[in-house]
Amino acid sequence: MPDTSPERKVIVACPCLNEAHRAVAAIESLLCDDHADEYDILVLDGGSSDGTQDKLRKAFGDRIELIHNNQRLQSHALNMAAGIARDRGAEFLVRADLHALYPKNFVSTLCRTAHATRANSVVVSMHTQGGNRVQDAARYLFSIWLGNGGARHRVPGYRGWVDHGHHALFRVEDYLRVGGYDPEFSANEDAEFDLRLTHAGGRIFMEGDAAIDYFPRPTLQSSFRQFFRNGRYRVRTAAKHRERLSKRQLLPMAIVPVLTLAAVLGLFTPWALLVPLGYVSLVAYLAGRDARAVPAEVWTLAALLAIVNHVGFSAGALRGVLDQFQQKRQRASGLHSHNAHPGGVQK
């Protein structure tokens with residue numbers, strides 16, 4: 001059989017910010033690879049204040065490279081790593097966030113898949129893991145339609161060509177050719193990149209044998225903030241690419257406007273309050289219908305988490321729409337100022 005091990009140096013990039021409780025275990029899982037000596041691991045730290053860097057130095061010494069990411073964002077971290085990968089002549093750049101655990105031979109599997117399929121990017125699915133009560137609820141929620149909406153990267157096992165998935169491997173040449181991550185995006189940078197890659201003729205392959213263990217946000221508040229950012233930057237992605245949003249995205253976006261309108265109308269007619277009552281009842285039904293052996297405490301909290309995520313995403317999307325209006329006004333104001341003074345600065 002032909003040798004399917006990585007043929008060139010591989011750079012593994014780990015964007016990081018305050019991951020002291022998970023970072024060591026994440027990197028240990030990445031090093032559980034038959035070809036671990038063939039790739040470099042870069043930890044691009046955005047200024048952790050919880051002792052992450054000290055723990056990593058103590059655990060791994062010079063086996064990893066700690067690099068300061070002064071912009072803090074994941075998008076900037078991956079762009080920095082891509083530049084380093086180019087300078088070192090690497091063929092592949094692997095993204096590995098530190099709030100996850102990776103299967104044995106994760107990097108080697110991605111490289112073999114990229115060679116076999118000639119994909120421009122290889123993505124993976126995610127096994128959501130439990131932990132505290134909220135994380136246990138999230139594990140159940142993301143295993144059913146209410147939480148995953150049928151997204152392939154939320155349903156482990158699928159293998160084939162896709163338009164999007166959880167980012168894992170890029171060909172360095174292709175990553176740089178389409179401009180890398182947009183550094184203006186603090187969320188949804190992966191979906192926005194995939195749009196540019198596919199528009200440029202790139203192909204994305206999902207490797208079902210390399211699903212990662214993902215640890216969700218541990219509180220309702222942090223989950224709300226995550227989905228708020230996702231909603232806000234999903235709108236920015238759609239505006240940037242003049243893309244039509246799918247029903248899976250439009251439905252949760254409508255939650256806040258509909259509930260707000262119902263609350264206002266409820267001041268005049270109590271019948272309007274049937275709308276939020278119906279929404280909560282529907283979410284509870286969808287959370288409970290697949291529960292079976294799942295304890296009631298878990299699926300009822302999963303229903304609450306779904307509502308928190310929906311409201312967060314919808315509120316973020318509204319903020320994203322407001323951002324677009326503000327940008328249009330600023331551009332219009334700048335154009336008006338330029339037309340009023342075509343000769344430049346007035347003396």
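Here, residue 1 is the first one in the sequence, and each next residue gets the next number. What you are looking at is a predicted structure, and each value in this text was computed from that prediction instead of being measured.
- A donor-acceptor contact shorter than 3.5 Å links the side chain of Ser29 to the backbone of Ala26.
- With values rounded to the nearest 0.5 angstrom, Leu44 atom CG is found 7.5 Å from Leu78 atom CG.
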Side-chain donor/acceptor pairs under 3.5 Å, residues 269-283, sequence neighbours excluded:
| unit_1 | atom_1 | unit_2 | atom_2 | d |
| --- | --- | --- | --- | --- |
| Thr269 | OG1 | Trp271 | N | 3.3 |
| Tyr279 | OH | His310 | ND1 | 2.8 |
| Ser281 | OG | Leu277 | O | 2.8 |

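- A distance-only check finds no donor-acceptor pair linking the side chain of Asn79 to the backbone of Gly180 [under 3.5 Å].
- Gln324 contributes no side-chain N or O that, together with a main-chain N or O of Val321, makes up a donor-acceptor pair within less than 3.5 Å.
- Put simply, OG1 on Thr52 and CZ on Arg22 are 12.5 Å apart, with the number rounded to the nearest 0.5 Å.
- Annotation: cation-pi geometry not satisfied between Arg217 and Phe227 (NZ/CZ under 6.0 angstrom from ring centroid, within 45° of ring axis).
- Remark: Arg319 pairs with Asp323 by the salt bridge (charged side-chain N to carboxylate O under 4.0 Å, His left out) rule, at least two apart or across chains.
- The one candidate from Val12, Ile11, Leu66 that meets the side-chain contact (heavy atoms from CB on, under 4.5 Å) condition with Leu42 is Ile11.
- Without hydrogens or angle criteria, Arg171 side chain to Ala119 main chain gives a donor-acceptor distance under 3.5 Å.
- Under the rule for a salt bridge (charged side-chain N to carboxylate O under 4.0 Å, His left out), the partners of Glu65 that lie at least two apart in sequence or sit in another chain are Arg88.
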For a quick test of your reading: what N or O donor-acceptor pairs under 3.5 Å do the side chains of residues 288-307 make, sequence neighbours left out?
| unit_1 | atom_1 | unit_2 | atom_2 | d |
| --- | --- | --- | --- | --- |
| Glu297 | OE2 | Arg133 | NE | 3.1 |
| Thr300 | OG1 | Ala296 | O | 2.6 |
| Thr300 | OG1 | Glu297 | O | 3.2 |

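- How far CG of Leu141 is from CZ of Arg154: 9.0 Å, rounded to the nearest 0.5 Å.
- Taking CG of Asp54 as the start and OG of Ser48 as the end, the distance is 10.0 Å to the nearest 0.5 Å.
- Contact of the His115 side chain with the Glu91 side chain is registered, since non-hydrogen atoms from C-beta on lie closer than 4.5 Å.
- In this structure, CG on Asp45 lies 8.0 Å from CG on Leu56, to the nearest 0.5 angstrom.
- Glu173 CD: 12 or fewer foreign heavy atoms inside a 6.0 Å radius.
- Expressed to the nearest 0.5 Å, how far OG of Ser75 lies from CG of Asn188 amounts to 11.5 Å.
- Checking side-chain atoms of Asn120 against main-chain N and O of Asp174 turns up no donor-acceptor pair under 3.5 Å.
- Within the 4.5 Å cutoff, the side chain of Cys14 has heavy atoms near those of the Ile41 side chain.
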Take Arg196 and Asp182, measure what salt bridge (Lys or Arg N to Asp or Glu O under 4.0 Å) needs, and give me the verdict at the end.
CA-CA 10 Å; Arg196 280 186 285 118; Asp182 187 331; 5.8 Å; no
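- Placement of Phe313 and Val311 in two distinct hydrophobic clusters is found when ILVMFWY residues are connected by side-chain heavy-atom separations under 4.5 Å, directly or transitively.
- Considering only heavy atoms from C-beta on, Pro15 stays 4.5 Å or farther from Asn69 through its side chain.
- Panel note: side chain Asn18, backbone Ser49; a donor-acceptor pair is recorded below 3.5 Å.
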Anything under 3.5 Å between a donor and an acceptor, one on a side chain of residues 201-208, the other on a protein residue two or more places apart or in another chain? List them.
| unit_1 | atom_1 | unit_2 | atom_2 | d |
| --- | --- | --- | --- | --- |
| Glu207 | OE1 | Thr113 | OG1 | 2.7 |
| Glu207 | OE1 | Arg159 | NE | 3.0 |
| Glu207 | OE1 | Arg159 | NH2 | 3.1 |
| Glu207 | OE2 | Arg159 | NE | 3.1 |
| Glu207 | OE2 | Asp209 | N | 2.9 |

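- Pro103 places none of its side-chain heavy atoms less than 4.5 Å from the side chain of Thr109.
- Between Arg236 and Glu184, some side-chain heavy-atom pair lies under the 4.5 Å cut-off.
- Using modelled atom types, no side-chain atom of Ser108 and backbone atom of Asn105 make a donor-acceptor pair closer than 3.5 Å.
- Relative orientation of the Phe106 and Tyr102 rings is tilted, given thresholds of 30° and 60° on the angle between their planes.
- Residues Tyr181 and Arg95 are in side-chain contact: their nearest non-hydrogen atoms beyond the backbone lie under 4.5 Å apart.
- In this structure, a donor-acceptor pair under 3.5 Å is present between the side chains of Asn309 and Ser223.
- A salt bridge between Asp50 and Lys55 is absent, with no side-chain N of the basic residue lying under 4.0 Å from a carboxylate O of the acidic one.
- Ring centers of Phe142 and Tyr214: at least 6.0 Å apart, outside the cut-off.
- Gln135 contributes a side-chain N or O that, together with a main-chain N or O of Pro216, makes up a donor-acceptor pair within less than 3.5 Å.
- By the 4.0 Å N-to-carboxylate-O rule, Arg234 lies close enough to Glu243 to be salt-bridged with it.
- The main-chain N or O of Leu195 is found under 3.5 Å from a side-chain atom of His199 such that the two form a donor-acceptor pair.
- Phe60 is listed as a side-chain neighbour of Leu31, based on a closest heavy-atom distance under 4.5 Å.
- The shortest distance between side-chain heavy atoms of Asp194 and His167 falls below 4.5 Å.
- Enclosure of atom NZ in Lys328 is not indicated, since only 12 or fewer non-hydrogen atoms of other residues, nucleotides or ligands lie within 6.0 angstrom.
- Other residues, nucleotides and ligands place no more than 12 heavy atoms under 6.0 Å from the CG atom of Asp62.
- Both Val162 and Tyr175 sit in one connected hydrophobic cluster of ILVMFWY residues. Membership requires side-chain heavy atoms under 4.5 Å apart, directly or through other members.
- Taking all atoms of both residues into account, the shortest heavy-atom contact from Ser143 to Asn148 is C-ND2, 3.5 Å.
- Ile255 and Leu220 fall within a single hydrophobic cluster, where Ile, Leu, Val, Met, Phe, Trp and Tyr are joined by side-chain heavy atoms under 4.5 Å apart, directly or via other members.
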With a 3.5 Å cut-off and sequence neighbours excluded, list the donor-acceptor pairs that the side chains of residues 123-131 form with protein atoms.
| unit_1 | atom_1 | unit_2 | atom_2 | d |
| --- | --- | --- | --- | --- |
| Gln129 | NE2 | His127 | O | 3.2 |
| Gln129 | NE2 | Asp213 | OD1 | 3.3 |

